[in-house]
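Please read all numbers here as calculations on a predicted model, not as lab measurements. Sequence lines set the chain letters: A, B, ... in the order given, protein chains first and strands last, and positions in each chain run from 1.
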Number of protein chains: 2
Amino acid sequence: MESKKASSIFEALSSDVRLDVFRLLVKNAPDGLVAGDISRLLDIPATNLSFHLKALVQSGLVTVEREGRYMRYKASIPLMLDIIAYLTSECCSGNPGCCRKFRRESHVDPCFLPER
Amino acid sequence: MESKKASSIFEALSSDVRLDVFRLLVKNAPDGLVAGDISRLLDIPATNLSFHLKALVQSGLVTVEREGRYMRYKASIPLMLDIIAYLTSECCSGNPGCCRKFRRESHVDPCFLPER
DNA sequence: GACATATTTCAAGTTTTGTTGAACTATCCG
DNA sequence: CGGATAGTTCAACAAAACTTGAAATATGTC
């Protein structure tokens with residue numbers, strides 16, 4: 001991943017509307033939700049939601065497919081993990097002892113955290 | 001963490017300049033770097049760098065302290081881990097089997113990833 | 001104190017983003 | 001076909017962000 005690609009992904013998460021939408025889709029992974037459900041659950045006007053969903057899809061963080069007359073949106077968990085990897089890579093220049101200390105105090109859901 | 005706070009943190013990472021700066025500071029954790037070093041290493045004009053460093057500090061992702069006539073900037077690893085936790089929380093509504101599959105294929109630096 | 005170095009603040013202009021309502025497109029159902 | 005439902009696109013405006021050079025502030029050195 002290069003810097004411009006990564007920053008465009010963070011840009012997609014930089015609006016509270018889009019962040020709420022994305023987290024809702026993460027919560028509803030892997031099935032996703034159709035636009036109307038998102039609109040109702042988060043109380044966002046359809047027009048505005050469509051604007052933000054488009055931005056999320058363009059970033060790659062969200063995928064979309066037609067389902068009859070509905071549009072189903074899903075979070076891309078692999079890309080989410082990729083930007084986490086990008087952000088944390090080479091932390092402390094790879095000194096594991098340093099990172100381990102921080103990590104022990106973190107609240108990252110262990111569900112995401114491979115063994116080491 | 002609430003949504004507006006979290007999105008303002010992602011907003012801080014939404015510029016490629018700031019993302020490069022932050023990653024450089026993560027790499028140089030826990031000691032950090034002074035502004036001039038960052039400017040030289042990333043080839044960013046002092047004025048512009050100052051603008052972006054201010055944004056990073058305001059987000060909380062970076063801290064700063066005076067050191068003689070230098071200003072030393074450091075990445076806040078705990079806050080970085082907090083937003084990762086926020087982003088990934090309740091993934092798949094807490095269904096561990098679902099997440100484990102994604103995580104096995106991820107490239108997240110194991111340095112950050114607690115055992116489970 | 002005078003001067004050099006490190007960094008920030010300010011002002012100005014350009015560009016980008018967010019929001020809204022109205023109009024448009026696509027699909028389903030009778 | 002015609003109407004209803006689901007979503008998107010468009011136009012317009014308001015608000016915010018990025019970049020730059022010039023000026024200002026703070027600290028160290030002679």
S.K.: Any salt bridge (Lys or Arg N to Asp or Glu O under 4.0 Å) pairs touching residues 75-87 of chain B, not counting sequence neighbours?
M.R.: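 Every pair satisfying salt bridge (Lys or Arg N to Asp or Glu O under 4.0 Å) with a residue in residues 75-87 of chain B: there are none.
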S.K.: Residues in side chain to side chain donor-acceptor pair (under 3.5 Å) with B:R40, at least two apart?
M.R.: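 Partners of B:R40 by the side chain to side chain donor-acceptor pair (under 3.5 Å) criterion, ordered by chain and then number, come out as B:D37.
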S.K.: What residues, two or more places apart in sequence or in another chain, satisfy side chain to side chain donor-acceptor pair (under 3.5 Å) together with A:K54?
M.R.: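 Per chain and number, A:K54 pairs via side chain to side chain donor-acceptor pair (under 3.5 Å) with no residue.
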S.K.: Would you kindly give the CZ-to-P distance between A:R72 and D:dG7, to the nearest whole Å?
M.R.: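 After rounding, the gap between these two atoms is 10 Å.
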S.K.: With sequence neighbours excluded, give me every side-chain hydrogen bond (donor to acceptor under 3.5 Å, both in side chains) pair touching residues 2-17 of chain A.
M.R.: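 For residues 2-17 of chain A, and leaving out neighbouring residues, the side-chain hydrogen bond (donor to acceptor under 3.5 Å, both in side chains) pairs sorted by first residue read A:S3-B:D20.
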S.K.: Reckon B:R18 has a side-chain N or O less than 4.0 Å from the OP1 or OP2 of D:dC18?
M.R.: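 Checking D:dC18 against B:R18, a side-chain N or O does come within under 4.0 Å of OP1 or OP2.
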S.K.: Side chain to side chain donor-acceptor pair (under 3.5 Å) with A:R69: which residues, sequence neighbours excluded?
M.R.: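 Side chain to side chain donor-acceptor pair (under 3.5 Å) list for A:R69, sorted by chain: empty.
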S.K.: Under the salt bridge (Lys or Arg N to Asp or Glu O under 4.0 Å) test, which residues partner B:R72, sequence neighbours left out?
M.R.: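 So B:R72 forms a salt bridge (Lys or Arg N to Asp or Glu O under 4.0 Å) with B:E67.
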S.K.: Rounded to the nearest angstrom, tell me the gap between atom CG in B:N48 and atom C1' in D:dG21.
M.R.: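 So the two atoms are 12 Å apart, to the nearest Å.
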S.K.: Determine the contact category for A:S15: base if any of its heavy atoms lies under 4.0 Å from a base atom, sugar-phosphate if only primed atoms, P, OP1 or OP2 are that close, otherwise nothing.
M.R.: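 Sugar-phosphate, backbone atoms only, no base.
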S.K.: Specify the residues of residues 53-69 of chain A, ordered by number, for which at least one heavy atom lies under 4.0 angstrom from an atom of DNA chain C.
M.R.: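 Contacting residues: A:R66, A:G68, A:R69.
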S.K.: At their closest point, which heavy atom of A:I77 faces which heavy atom of B:C91, and how far apart are they?
M.R.: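 Distance-wise, the nearest heavy atoms are CD1-SG, 4.0 Å.
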S.K.: Between B:E11 (CD) and D:dA15 (C1'), how many Å, whole number?
M.R.: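 That distance rounds to 13 Å.
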S.K.: Output the rounded distance in Å from CG (A:L49) to P (D:dA6).
M.R.: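 Taking atom P of D:dA6 as the reference, CG of A:L49 is at 14 Å.
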S.K.: Can you give the donor-acceptor pairs under 3.5 Å from side chains of residues 24-36 of chain A to other protein atoms, not counting sequence neighbours?
M.R.:
residue: A:K27; atom: NZ; partner: B:E90; partner atom: OE1; Å: 3.2
residue: A:N28; atom: ND2; partner: A:L24; partner atom: O; Å: 2.8

S.K.: Per the end-axis method with five pairs at each terminus, what is the bend angle of the helix from C:dG1-D:dC30 to C:dG30-D:dC1, to 10°?
M.R.: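 If I round to tens, the end axes sit 20° apart.
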S.K.: A:S59: which residues meet the side-chain contact (heavy atoms from CB on, under 4.5 Å) condition with it, sequence neighbours left out?
M.R.: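 So A:S59 forms a side-chain contact (heavy atoms from CB on, under 4.5 Å) with A:A12, A:L61.
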S.K.: Regarding B:A46, tell me which of base, sugar-phosphate or nothing describes its non-hydrogen contacts under 4.0 Å with the strands shown.
M.R.: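 Answer is base: heavy atoms of B:A46 come under 4.0 Å of a base.
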S.K.: Using side-chain contact (heavy atoms from CB on, under 4.5 Å) as the criterion, list what pairs up with B:S76, not counting sequence neighbours.
M.R.: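 For B:S76 the side-chain contact (heavy atoms from CB on, under 4.5 Å) partners, ignoring immediate neighbours, are B:P78, B:L79.
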S.K.: Contact boundaries of DNA chain C with chain B (under 4.0 Å, heavy atoms), 5' to 3'?
M.R.: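 First and last nucleotides in contact are C:dT5 to C:dT9.
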S.K.: Of the non-hydrogen atoms in A:A46 and A:S39, which two are nearest, and what is the gap between them?
M.R.: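 Smallest interatomic distance, heavy atoms only, reads N-OG, 4.2 Å.
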S.K.: With nearest nucleotides of DNA chain C determined for A:F51 and B:Y70 from heavy-atom distances, which residue corresponds to the more 5′ nucleotide?
M.R.: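 Mapping each residue to its closest nucleotide by heavy atoms, the 5'-most match is B:Y70.
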